[in-house]
**Student:** 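The structure that follows is given in the form of structure tokens.
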Amino acid sequence: MEKNRIATLTLDDGRSIELPIMSGTLGPDVIDIRNLGKLGIFTYDPAFFSTASCTSAITFIDGDAGLLYYRGYPIEQLAEHSDFLEVCYLLLNGELPDGGQKAEFSRRVTSHTMVHDQMARFFSGFRRDAHPMAVMVGVVGALSAFYHDSLDISNPEHRDISALRMLAKVPTIAAMAHKYYIGAPFMYPKNKFGYAENLMYMMFATPAEDYIPNPVLVRALDRILILHADHEQNASTSTVRLAGSSGANPFACIASGIAALWGPAHGGANEAALNMLIEIGDVSRVKEYVQGVKDKKYRLMGFGHRVYKNMDPRAAVMRQTCYEVLKELKLENNKLFELAMELERVALSDPYFIDHKLYPNVDFYSGIVLRALGIPTNMFTVIFAVARTVGWISQWNEMIASGDHKISRPRQLYRGAVKRDYVPVKKR
Ligand code: CMC
């Protein structure tokens with residue numbers, strides 16, 4: 001039997017409290033501070049540097065060792081041998097599907113790929129130059145207005161159908177956002193295609209011509225989706241959980257996740273990293289640019305991570321994918337790829353990056369791959385959102401299904417004015 005372990009916290013006034021120490025199956029122990037309020041004090045950890053916000057069995061990261069597991073499976077193995085829909089099944093259900101389960105899951109997702117025809121009208125309300133992420137926040141949130149039949153979050157069947165609908169429809173909405181931006185007609189999904197293939201078809205096909213997807217490029221996009229599918233309690237996932245903790249419907253929760261993902265410190269980094277490479281422009285400017293980073297004029301986008309203090313395992317897969325895609329497109333001498341590799345080499349041998357434990361993250365190379373696939377820069381974070389949707393739903397579902405969640409309500413350290421009396425305007 002596991003020994004009950006405790007940590008004792010003693011305050012400077014002599015009061016003390018015993019706090020249980022909890023262990024997971026992997027990773028560091030955590031101190032359960034839920035009873036701390038009994039002493040009339042709280043902990044202070046604004047950016048969650050030292051706080052576990054939940055228990056989860058979905059994804060594990062060891063940032064020091066550079067490991068990422070989905071349901072126990074290393075990301076490298078999934079990226080090489082699995083496919084995105086299988087990974088979705090794994091994240092949602094906890095186990096890899098057998099052949100029959102895989103085919104049935106794929107059939108169920110595929111049967112929900114179309115959006116309500118009324119949805120197309122939402123798009124014309126946006127300016128043509130609206131950022132596709134702005135469109136995603138609005139239109140995905142609007143899904144909750146279309147599915148009143150499945151918004152009872154305490155009903156597992158409702159949660160299941162909502163998950164399928166989101167997985168199936170978010171790529172369709174993403175492609176519509178792109179088509180609207182470029183002024184091209186929407187393409188309905190084609191269910192003979194696989195998930196990533198269909199996304200490419202809806203983004204790149206036109207009614208005027210046949211579209212034959214390139215399998216190497218489809219595989220690259222599928223791999224990007226796998227790599228971005230979940231990442232435990234990151235900012236957008238925590239946002240989804242926080243929104244969900246109030247009992248909000250899943251479509252609204254996912255829209256809140258999309259909003260949180262948009263920032264350049266999170267999902268917006270792939271767009272920012274590519275823009276950075278374009279701005280540097282030439283290998284000869286790498287050293288000067290790195291100096292600017294060290295002088296804290298700007299950050300090296302696609303570098304650094306709150307949890308990884310080693311190479312992000314997704315970045316290594318992405319660099320290989322980048323190489324494969326460029327080879328397929330006969331772009332081996334791609335200037336941006338050469339620039340990125342030189343930037344990585346210079347940074348990784350520089351004491352600033354070594355001391356700060358800054359390594360490339362998934363976004364360092366993903367922009368080059370996405371661009372080579374023909375995806376415009378303003379769609380990069382949208383692709384991330386398509387991939388992360390399954391992670392958000394899995395985490396949301398885990399929280400709701402646990403049955404013992406409460407509304408998330410952080411406390412604060414108040415440093416505002418102390419009590420004072422109202423003064424009428426004439427006397428101010
Ligand atoms: N370039 C230069 N310096 C950096 C960078 C960077 N990319 N990232 C962190 N640092 C430095 C930072 O200046 C600070 O230095 P000092 O201690 O001397 O003041 C130290 O490292 C710690 O930085 P921090 O901001 O306290 O670290 P954080 O854990 O809060 O930030 C991060 C994590 C990902 C926001 C940050 O590394 C960053 O801004 N990176 C660039 C944006 C990026 O690539 N984001 C994608 C993350 S991976 C995909 C995803 O999860 O969405």
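Each ligand, and each atom within it, is numbered from 1 in the order the structure gives.
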**Student:** I'd like to know if the side chain of K169 and the backbone of H112 have a donor-acceptor N/O pair within less than 3.5 Å.
**Tutor:**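 Yes.
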
**Student:** Evaluate I375 against F204 for side-chain contact (heavy atoms from CB on, under 4.5 Å), listing each step before the verdict.
**Tutor:** CA-CA 9 Å; I375 295 170; F204 300 134; 3.7 Å; yes

**Student:** Report the nearest protein non-hydrogen atom to atom 34 (C) of ligand 1: residue, atom name, distance rounded to 0.1 Å.
**Tutor:**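 It is G304 O, 3.7 Å.
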
**Student:** Should you measure from each heavy atom of H356, which atoms of ligand 1 turn up under 4.0 Å away?
**Tutor:** 11 (C), 15 (O), 16 (P), 17 (O), 18 (O), 20 (C), 21 (O)

**Student:** Counting only N and O atoms by type, is there a donor-acceptor contact under 3.5 Å from the side chain of T237 to the main-chain atoms of Q233?
**Tutor:**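 No.
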
**Student:** Which distance, rounded to the nearest 0.5 Å, do you find between the OG1 of T110 and the CZ of F105?
**Tutor:** 9.5 Å

**Student:** Could you check whether Y359 and F353 have their ring centres less than 6.0 Å apart?
**Tutor:**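 No - the distance between ring centres of F353 and Y359 does not fall below the 6.0 Å cut-off.
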
**Student:** Does at least one non-hydrogen atom of Y298 fall below 4.0 angstrom from an atom of ligand 1?
**Tutor:** no

**Student:** Near G267, which atoms of ligand 1 are under 4.0 Å from a heavy atom of that residue?
**Tutor:**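 Heavy-atom distances to G267 below 4.0 Å select 52 (O).
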
**Student:** Is it true that a side-chain atom of Y70 and a backbone atom of H231 form a donor plus acceptor pair closer than 3.5 Å?
**Tutor:** no

**Student:** Tell me, please: is F364 in heavy-atom contact with ligand 1, that is, under 4.0 Å?
**Tutor:** no

**Student:** Main chain of R285, side chain of D282: is a donor-acceptor contact present, judged purely on distance under 3.5 Å?
**Tutor:** no

**Student:** Nearest protein heavy atom to atom 49 (C) of ligand 1, by residue and atom, and its distance?
**Tutor:** D363 OD2, 3.2 Å

**Student:** By number and element, which atoms of ligand 1 are closer than 4.0 Å to a non-hydrogen atom of G302?
**Tutor:**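 So the answer, numbered in order with elements, is 43 (C), 44 (O).
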
**Student:** With distance as the sole test, does R223 use its side chain to make a donor-acceptor pair with the main-chain N or O of A79 at under 3.5 Å?
**Tutor:**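 Checking the backbone N and O of A79 against the side chain of R223, a donor-acceptor pair under 3.5 Å is found.
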
**Student:** Quick one: pull up CG in N397 and OG in S162 and give me the separation to the nearest 0.5 Å.
**Tutor:** 9.5 Å

**Student:** Quick test: of every protein heavy atom, which one is nearest to atom 45 (N) of ligand 1, and how far off is it to 0.1 Å?
**Tutor:** A265 O, 3.1 Å

**Student:** Output the list of atoms in ligand 1 that are nearer than 4.0 Å to some heavy atom of V293, sorted by atom number.
**Tutor:** 1 (N), 2 (C)

**Student:** Using the rule given for salt bridge (Lys or Arg N to Asp or Glu O under 4.0 Å), can you reason through E398 versus R241, listing the C-alpha separation, both sets of side-chain angles and the distance that settles it, and then say yes or no?
**Tutor:** CA-CA 10 Å; E398 181 181 65; R241 280 189 179 257; 2.7 Å; yes

**Student:** Scan the protein's non-hydrogen atoms and note whether one is under 4.0 Å from atom 11 (C) of ligand 1.
**Tutor:** yes

**Student:** So is K294 touching ligand 1 or not, going by heavy atoms under 4.0 Å?
**Tutor:**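 In this structure, K294 fails to qualify as a contact of ligand 1 - no heavy atom is under 4.0 Å.
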
**Student:** Over all heavy atoms of both residues, which pair between L90 and L96 is shortest? Give the atoms and the distance, please.
**Tutor:**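 Closest pair (atom of L90, atom of L96, distance): CD1-N, 3.6 Å.
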
**Student:** For the residue pair I226 and S82, what are the closest heavy atoms and their distance?
**Tutor:** CD1-O, 4.0 Å

**Student:** Using distance alone, decide if ligand 1 has a nitrogen or oxygen within less than 3.5 Å of any nitrogen or oxygen in F49.
**Tutor:**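 Between F49 and ligand 1 (N or O atoms, distance only) the closest approach is not under 3.5 Å.
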
**Student:** Are any of the N/O atoms on H231, whether in the backbone or the side chain, positioned under 3.5 angstrom from an N/O atom of ligand 1?
**Tutor:** no

**Student:** Among all protein heavy atoms, pick out the one at the shortest distance from atom 39 (O) of ligand 1; state its residue, atom name and that distance to 0.1 Å.
**Tutor:** R299 NH1, 2.8 Å

**Student:** Got the closest protein heavy atom to atom 42 (C) of ligand 1, with its distance?
**Tutor:**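 Sorting protein heavy atoms by distance from atom 42 (C) of ligand 1 puts M301 CE, 3.4 Å first.
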
**Student:** Looking at A269, which atoms of ligand 1 are within less than 4.0 Å of one of its heavy atoms?
**Tutor:** 43 (C), 44 (O), 45 (N), 46 (C)

**Student:** Please write down residue, atom name and distance for the protein heavy atom closest to atom 52 (O) of ligand 1.
**Tutor:**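 So the nearest neighbour among protein heavy atoms is H266 ND1, 2.6 Å.
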
**Student:** Has L358 got any heavy atom lying under 4.0 angstrom from an atom of ligand 1?
**Tutor:** yes

**Student:** Side chain, backbone, both or neither: which part of K296 comes within less than 4.0 Å of ligand 1 when only heavy atoms are counted?
**Tutor:**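 Side chain only.
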
**Student:** Quick check: does L300 get an N/O under 3.5 Å from an N/O on ligand 1?
**Tutor:**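 There is such a contact, yes.
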
**Student:** Establish, yes or no, whether a centroid distance under 6.0 Å links the rings of F303 and F364.
**Tutor:** yes

**Student:** Measure Y352 to ligand 1 on non-hydrogen atoms and call it side chain, backbone, both or neither using the 4.0 Å cut-off.
**Tutor:** side chain

**Student:** Which heavy atom of the protein is the closest neighbour of atom 41 (C) of ligand 1, given with residue, atom name and distance?
**Tutor:**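 For this ligand atom, the closest protein heavy atom is F303 O, 3.4 Å.
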
**Student:** Short N/O distance, under 3.5 Å, between N361 and ligand 1?
**Tutor:**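 Between N361 and ligand 1, an N or O pair is found under 3.5 Å apart.
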
**Student:** Enumerate the atoms of ligand 1 whose separation from the nearest heavy atom of R306 is less than 4.0 angstrom.
**Tutor:**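 Once the distances to R306 are compared, the set is 28 (P), 29 (O), 30 (O), 33 (C).
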
**Student:** Is the distance from the ring center of F251 to that of F146 below 6.0 Å?
**Tutor:** no

